[in-house]
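Reminder, nothing fancy here: chain letters follow the sequence lines and each chain counts from 1. Everything numeric in this text was worked out from a predicted model, so none of it was measured.
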Amino acid sequence: MSIRVRFAPSPTGYLHIGGARTALFNWLFARHHGGTFVLRIEDTDSARNSQAAIDVILRGLRWLGLDWDEGPGTPDPDGPSVGDRGPYFQSRRGEWYRRRLAELRDRGMAYDRDGAVYFRMTHEAVTIPDLIVGEVRRELTDREQADPDWVLVRSDGQPVFHLVNVVDDLEMGITHVIRGEDHLSNTAKHIALFRAFGVEPPRYAHIPLILNPDGSKMSKRDKGAVVTNYIEDGYAPEAVVNYLSLLGWSPADGKELLGVSELVSRFDLDRVNRSPARFDDKKLAALHFEHTRRMDEGRFVGMGREYLGRAGLDVSGHDEGYVAAALLTAREKGLLFKDLAGFAGFYFKPDEAVQVAVEVEAKALGEEARRNLGALMRAYGGGVDFVAGSLEAELKRVAGELGVKSGALTQPARAACTGSLVGPSLYHLMEVLGRERVLGRLSRWVAQGQGGEQ
RNA sequence: GGCGCGUUCGUCUAUCGGCUAGGACACGGCCCUCUCAAGGCUGAAAGACGGGUUCGAUUCCCGUACGCGCUACCA
């Protein structure tokens, strides 16, 4: 039998990191086993659902690279979808729920009370076989001892989560339910419902929760909890995927830096552990660095351009090769893409628009520094090849002549060229900038206060 | 309160009864160095607690503590 799994988020206006991890585990499981990954939108709570909220989820999943084999094509519940088990929006599945409810009534498993429909729940403990947690024997709680029945349909006619979730999993032929551990206790209800329909429940796999660094439950407001923020900050999506994969799962060989295809081939449920994991943005950042430095150059440049644009930096006036070369000098820095504009923005500004903060000027562009820059400028104005190696050799030669350490030239030059004391390798950055821009930027500082020298 | 799940370095984890408890991130030191990084070398750092079972428990069982989840006409 072919594996069918699903991710069934409810559109709350954001995609929670825990939800993303649940989606990822489902997706990895499906891809590893050649199964089918279904996306179903649980938009039964019409009060807080909107296409915008659904769109956030679809975008988040697409950004992570979690493509679905069946599910919505657009955020519109009445729009196109892929797959023959739809609709994939619960708000459009009313007739399926009504039909299944009638079936329950016919079997004497459902009845009305106070305008709502109740399920006739077993009075016995329910054993939940779980692929990750093991066999869980769920005894009745004190309230359930008194009355184990629960609501299937509210008095306003809305079916509750337990009903729609089970009916959809049943109708959609879901074979494995991989979801957060917060659903473990509820699974007793789900199993009882499947049995009431006369079918065996799917296999269950409850994965441990993701907690805040302090061990508390992660909510929307917590740092790192919302996928949209990763997109805005400019993390490499494969780094986020890699990081999430390591929360609750680990590969047999201990290798942690894994690309998506490696994850697909290694992932399976038998190595998912049972204890909750705390979110650690430092480790995510480290993985982001490792993935970006290994990223295909073209893709790095493409992403870089996009985030420069997001930051309002227009690079359209520069040719492709220049933009690519410029961005690539920042690749080894492990920056978030959103920080690229601040780090490498100087490449794309006119010479006279390079801003030098007063602290930077005070620190690196004093009188002596400007004198030194004059010497460097004369050297660079000569026949030197404008490539990093030659620029370095020439700078060191000048430093030797002046009897100063190379740092007495590099930092002033860096400040003049970039406006900052932090940046890419000076020699490489000057190579990219080219002779004209470098001389132009140096001259601004040499000229000031020593106009007569030239 | 009831029911359930969990508990190895600060964090993520490995270990499926033999452990001098391994790796990664973070942290400290040294080296390298044009800034910031990176890199190299190196260091410190863990089995919640108490009982069992066993020749031997981190590993199995029980209890306690702590954490988390569920306990809705929320999903």
Side-chain angles (χ1 to χ4, degrees), chain A residues 8-12 42-45 47-48 90 113-118 125 128 130 132-134 136-146 150-162 164-165 180-189 206 208-211 213-217 243 246-257 270-271 273-287 289-290 293 330 332-335 343 363-364 388 391-392 395-396 399 405-415 418 420-430:
Chain A
S10 73
T12 51
E42 304 212 331
D43 56 343
T44 47
D45 184 353
R48 67 180 185 197
Q90 287 186 335
R113 185 206 293 173
D114 302 327
V117 184
Y118 280 73
I128 303 163
D130 189 282
I132 291 163
V133 189
V136 176
R137 186 179 158 82
R138 240 296 314 255
E139 301 285 349
L140 302 212
T141 65
D142 49 3
R143 290 181 199 184
E144 289 166 344
Q145 299 264 12
W150 46 273
V151 171
L152 286 164
V153 181
R154 294 189 288 234
S155 50
D156 66 0
Q158 279 294 312
V160 304
F161 163 74
H162 303 302
V164 299
N165 189 267
E181 204 211 67
D182 50 336
H183 288 291
L184 183 56
S185 290
N186 286 152
T187 305
K189 291 177 181 171
H206 287 92
L209 267 23
I210 300 177
L211 273 21
D214 68 358
S216 62
K217 187 184 180 182
Y243 179 67
L246 262 16
L247 258 22
W249 172 83
S250 65
D253 61 6
K255 188 181 173 199
E256 294 198 329
L257 182 65
D270 58 1
R271 290 193 62 83
N273 70 35
R274 304 165 61 163
S275 49
R278 298 178 191 215
F279 184 82
D280 179 11
D281 62 335
K282 292 275 181 45
K283 182 131 185 178
L284 203 211
L287 284 171
F289 170 62
E290 297 298 341
R293 71 195 306 205
E332 288 292 313
K333 301 299 182 179
L335 299 171
F343 189 81
K363 212 165 174 182
L391 292 169
E392 177 170 6
L395 181 142
K396 287 184 171 161
K405 288 199 268 191
S406 62
L409 281 175
T410 55
Q411 284 306 78
R414 173 187 300 286
T418 73
S420 170
L421 293 175
V422 174
S425 157
L426 176 68
Y427 310 115
H428 293 87
L429 128 212
M430 291 193 298

Just to verify, what does F279(A) make a ring pair (Phe, Tyr, Trp, His ring centres under 6.0 Å) with, not counting sequence neighbours?
Y243(A)
Does L140(A) reach a base, just sugar-phosphate, or nothing at all? Heavy atoms under 4.0 Å.
sugar-phosphate
Hey, which sits more toward the 5' end of RNA chain B by its nearest nucleotide, G254(A) or E290(A)?
G254(A)
Please measure how far the C1' atom in C41(B) lies from the corresponding atom in C32(B), and state the result in whole Å.
11 Å
Side chain of S10(A) - closest among C5(B), C12(B), A75(B):
A75(B)
For a quick test of reading the model: is some side-chain N or O of N165(A) closer than 4.0 Å to OP1 or OP2 of A75(B)?
no
Closest nucleotide among A24(B), C3(B), U7(B) to the E139(A) side chain
C3(B)
Specify the separation, in whole Å, of atom CG of L287(A) and atom C1' of C25(B).
8 Å
List the atom of H206(A), the atom of E181(A), and the distance in Å for their closest heavy-atom pair.
CB-CA, 4.0 Å
Which base sits across from U64(B) as a Watson-Crick or G-U pair, both distances under 3.5 Å?
A48(B)
Rounded interatomic separation in angstrom, taking CG from D281(A) and C1' from C12(B)
13 Å
Measure all distances between protein nitrogen or oxygen atoms and nitrogen or oxygen atoms of nucleotides 26-36 of chain B, and list the pairs falling under 3.5 Å.
| unit_1 | atom_1 | unit_2 | atom_2 | d |
| --- | --- | --- | --- | --- |
| C34(B) | OP1 | K396(A) | NZ | 3.2 |
| C34(B) | O2' | T410(A) | OG1 | 3.4 |
| C34(B) | O2 | R414(A) | NH2 | 2.7 |
| C34(B) | O2 | L426(A) | N | 3.3 |
| C34(B) | N3 | S425(A) | OG | 3.4 |
| C34(B) | N3 | L426(A) | N | 3.3 |
| C34(B) | N4 | S425(A) | OG | 2.8 |
| U35(B) | O4' | Q411(A) | OE1 | 3.2 |
| U35(B) | O4' | Q411(A) | NE2 | 3.4 |
| U35(B) | O2' | L421(A) | O | 2.9 |
| U35(B) | N1 | R414(A) | NH2 | 3.4 |
| U35(B) | O2 | G423(A) | N | 2.8 |
| U35(B) | O2 | G423(A) | O | 3.3 |
| U35(B) | N3 | R414(A) | NH2 | 3.3 |
| U35(B) | N3 | G423(A) | O | 2.7 |
| U35(B) | O4 | S425(A) | N | 3.3 |
| C36(B) | O2 | K333(A) | NZ | 3.0 |
| C36(B) | N3 | K333(A) | NZ | 2.4 |

Starting at atom CG of D270(A), determine the distance to atom P of A14(B), rounded to an integer number of angstrom.
12 Å
Interatomic distance where NE2 belongs to H206(A) and P belongs to C5(B) [whole Å]:
12 Å
Just compare A14(B), G39(B), U7(B) and give me whichever is closest to any side-chain atom of R293(A).
G39(B)
Between CG of L284(A) and C1' of C25(B) the distance, given in whole Å, is 11 Å
Distance col, row I210(A):CD1 vs D280(A):CG, nearest 0.5 angstrom, shows 12.0 Å
Which value, in whole Å, describes the distance between the P atoms of nucleotides G22(B) and A46(B)?
11 Å
Where L421(A) and K363(A) come nearest, the two heavy atoms and their spacing
CD1-CD, 3.7 Å
Pick the P atom in G47(B) and in U54(B), then give their distance to the nearest Å.
26 Å
Mapping V160(A) and E256(A) onto RNA chain B by nearest heavy atom, which one lands closer to the 5' end?
E256(A)
With a non-hydrogen cut-off below 4.0 angstrom, is S155(A) in contact with a base, only sugar-phosphate, or nothing?
base
Distance, rounded to the nearest Å, where D253(A) contributes CG and G23(B) contributes P:
15 Å
Pairwise side-chain contact, R138(A) with E144(A), heavy-atom cut-off 4.5 Å (strictly under):
yes
Base paired to C9(B) (Watson-Crick or G-U; both N/O distances under 3.5 angstrom)
none
Please name the nucleotide paired to A38(B) by Watson-Crick or G-U wobble geometry with both distances under 3.5 Å, or report none.
none
Under 3.5 Å on both distances, the Watson-Crick or G-U partner of G18(B):
C55(B)
Just checking G248(A): base, sugar-phosphate only, or nothing, at a heavy-atom cut-off of under 4.0 Å?
sugar-phosphate
Just to verify, what does H428(A) make a ring pair (Phe, Tyr, Trp, His ring centres under 6.0 Å) with, not counting sequence neighbours?
none
Is there a donor-acceptor contact under 3.5 Å from the side chain of R278(A) to the main chain of S216(A)?
no
Just wondering, do F343(A) and P424(A) contact through their side chains at under 4.5 Å, heavy atoms?
yes
Heavy-atom distance under 4.5 Å between the side chains of R271(A) and S250(A), does that happen here?
yes
Distances for protein N or O near nucleotides 40-46 of chain B N or O, under 3.5 Å:
none

Please report, rounded to the nearest Å, how far the P atom of C16(B) is from the CG atom of N273(A).
16 Å
What distance, rounded to whole Å, do you find between the two P atoms, one in C61(B) and one in G1(B)?
26 Å
Got a donor-acceptor contact below 3.5 angstrom from the D114(A) side chain to the A116(A) backbone?
no
Between D156(A) and R154(A), is there a side-chain N and carboxylate O pair less than 4.0 Å apart?
yes
Taking atom P of A38(B) as reference, at what distance in whole Å does atom CG of L335(A) sit?
11 Å
Looking only at atom C1', what distance separates U53(B) and G4(B), rounded to whole Å?
26 Å
Show me the protein contacts with nucleotides 63-72 of chain B, counting only N or O atoms at under 3.5 Å.
| unit_1 | atom_1 | unit_2 | atom_2 | d |
| --- | --- | --- | --- | --- |
| G69(B) | O2' | D182(A) | O | 3.3 |
| G69(B) | N2 | S185(A) | OG | 3.1 |
| A72(B) | OP1 | R143(A) | NH1 | 3.2 |
| A72(B) | OP2 | R143(A) | NH1 | 2.6 |

P-based separation of C25(B) from C16(B) [nearest Å]:
24 Å
Please report the distance separating the C1' of A45(B) from the corresponding atom of C27(B), rounded so that it comes out in whole Å.
10 Å
Are the side chains of L395(A) and L426(A) in touch, meaning some heavy atoms are under 4.5 Å apart?
yes
Could you let me know what C70(B) is paired to, Watson-Crick or G-U wobble, both distances under 3.5 Å, or none if it's on its own?
G2(B)
Provide the distance between the two C1' atoms, one in U58(B) and one in G18(B), to the nearest whole Å.
12 Å
So what does A277(A) touch, heavy atoms closer than 4.0 Å: a base, only the sugar-phosphate, or nothing?
sugar-phosphate
With side chains defined as the heavy atoms from C-beta onward, is the minimum distance between H162(A) and N186(A) less than 4.5 Å?
yes
Run the ring pair (Phe, Tyr, Trp, His ring centres under 6.0 Å) test against Y118(A) and tell me which residues pass, sequence neighbours left out.
Y111(A)
